[in-house]
Amino acid sequence: MQGMHLTVLSSQCVLLEPGVSLDPANPEQYAADIIEFLQKNRIQGLIYDLKELALIDKTYYQWLKYLFTLCKLNNTQLVAIHMKPSAAYGLSCFMKEPPPFETALNIESARRVFNQV
Amino acid sequence: MSRKKKLSTAELLIENLKLNIGNISELIETKGADAFGDDSLLSTEEIEDYSIEFLELFVGILHTQQYSDRDSPEYQALISFFNNCSEQIQIRGGTMDQFVKYMHFLQTCLIEGLHEDKAMSMAQYRDVLLMMASIFNDMTLHIFEIYLGEKEFTINAQQEELLQTSTPITEIWDGVLTLPIIGSLDSSRTMVVMEKLLQKIETERSRMVVIDVTGVITIDSQVAHHLIQMMRAVKLMGATPIITGIRPEIARALTNLNIDLGDVVTRSTLSEGLKEAFRHLNIVVCAGES
């Protein structure tokens, strides 16, 4: 998929690694492909890897919220992992309420979140 | 008279100093003991030695004709001399004021030591005095800059040390961090604490963070906002924050401020907070057989 790399980790869980060409300002362009992928592979948990992101601005946060909405429509849980301290700090500065999606330290912790649900 | 007219101010001063070196040395010897008032920071011999060394360096700088050039070796040598001198004074419990007093003493000795020279005009005398004042003022300023720079460096180092010791983030168990906050939380301190805490969560891969606020004296809306911001950032990193030790007055203040801690886990004491963290991680701590 353009702008991101998807790796199926198990029968119901997928890892999404955003690429440099991902355009968070135009989230609609990815919607159809993502929904198709989630439905086709019957994905129940999507792990979004933020390890390459030093900073999350409002546009990128909106993209994550948009992705969360897409996942929810498909009954898929979204967990963001590997958030950098600088990104967490920056995000906490402008966030008015907690994010709708879950966050975890790493893939293992994310899987634990999926199991809790 | 005609020869003196051709000499520069620096050369005039050198000539006059050479002619009157005896007077100046005598003044230093007689007045040296009073250079520091009642404090005997330097002995009379030391004052004489320092003063003779100073005279040599002073003449050296006059020879360069560019006495305000801070990069010249002569200027650097004089600054180095004054640095050593001020260090010596401060080691013996003296202050910067006393060092400046010593510089004034040297300047006074030089001015008093200069004898009237009929070959020099009033304008030349004025130039010589102006030049001496300029050199001494520049030197004093330079020494003060160095002194203030070092003082600032020391203050910064102490502040950094204080900050390090006031935010001891400890990994008390695998995956469990504790952070006791003591004193008051302001914006800059919160930023530093948060930065260190988030870094620690990343490096230690901690899943639980117990923040103990027993030592927080007062809380206002800004501090409460900072605390909530810290909780959010910890959660975003994927760790679970637990606040412990909210004292009655802090709880009352939070209620009055209408601060909603929302889904933040709170416990009364640090030990309760640790128990909660262990429970969360499925860790069971039990007494061993004695």
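Lettering of chains follows the sequences in order, A, B, ..., and the numbering in each one begins at 1.
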Report the option among A/Pro98, A/Ala80, A/Ala87, A/Pro85 that has the most heavy-atom pairs separated by less than 4.5 Å from atoms of chain B.
A/Pro85
Could you check whether atom [atom1] of [X] has more than 12 heavy atoms from other residues, nucleotides or ligands sitting under 6.0 Å from it?
X: B/Arg247; atom1: CZ; value: yes
X: B/Gln76; atom1: CD; value: yes
X: A/Glu97; atom1: CD; value: no
X: A/Glu28; atom1: CD; value: yes
X: A/Asn75; atom1: CG; value: no
X: B/Phe153; atom1: CZ; value: no

Once you round to the nearest 0.5 Å, how far does CZ of B/Arg207 lie from CG of A/Asn106?
8.5 Å
To the nearest 0.5 Å, what is the distance between OH (A/Tyr89) and CE (B/Met191)?
4.0 Å
The interface call for A/Pro99 against chain B, heavy-atom contacts under 4.5 Å, is side chain
At a heavy-atom separation under 4.5 Å, does A/Lys96 approach chain B through its side chain, its backbone, both, or neither?
backbone
Shortest non-hydrogen contact between A/Met95 and B/Leu236, atoms and distance:
CE-CD1, 4.0 Å
Exercise: identify the closest heavy-atom pair between A/Ala88 and B/Leu198:
CB-CD1, 4.2 Å
Is [X] close to chain A through its backbone or its side chain, or both, or neither, when contacts mean heavy atoms under 4.5 Å?
X: B/Met194; answer: side chain
X: B/Glu202; answer: side chain
X: B/Thr240; answer: neither

Would you mind reporting whether B/Gln229 and A/Cys93 have side-chain heavy atoms less than 4.5 Å apart?
yes
Only one of B/Met237, B/Met230, B/Arg232, B/Met231 clears side chain to side chain contact (heavy atoms under 4.5 Å, CB included) with A/Ser92; which?
B/Arg232
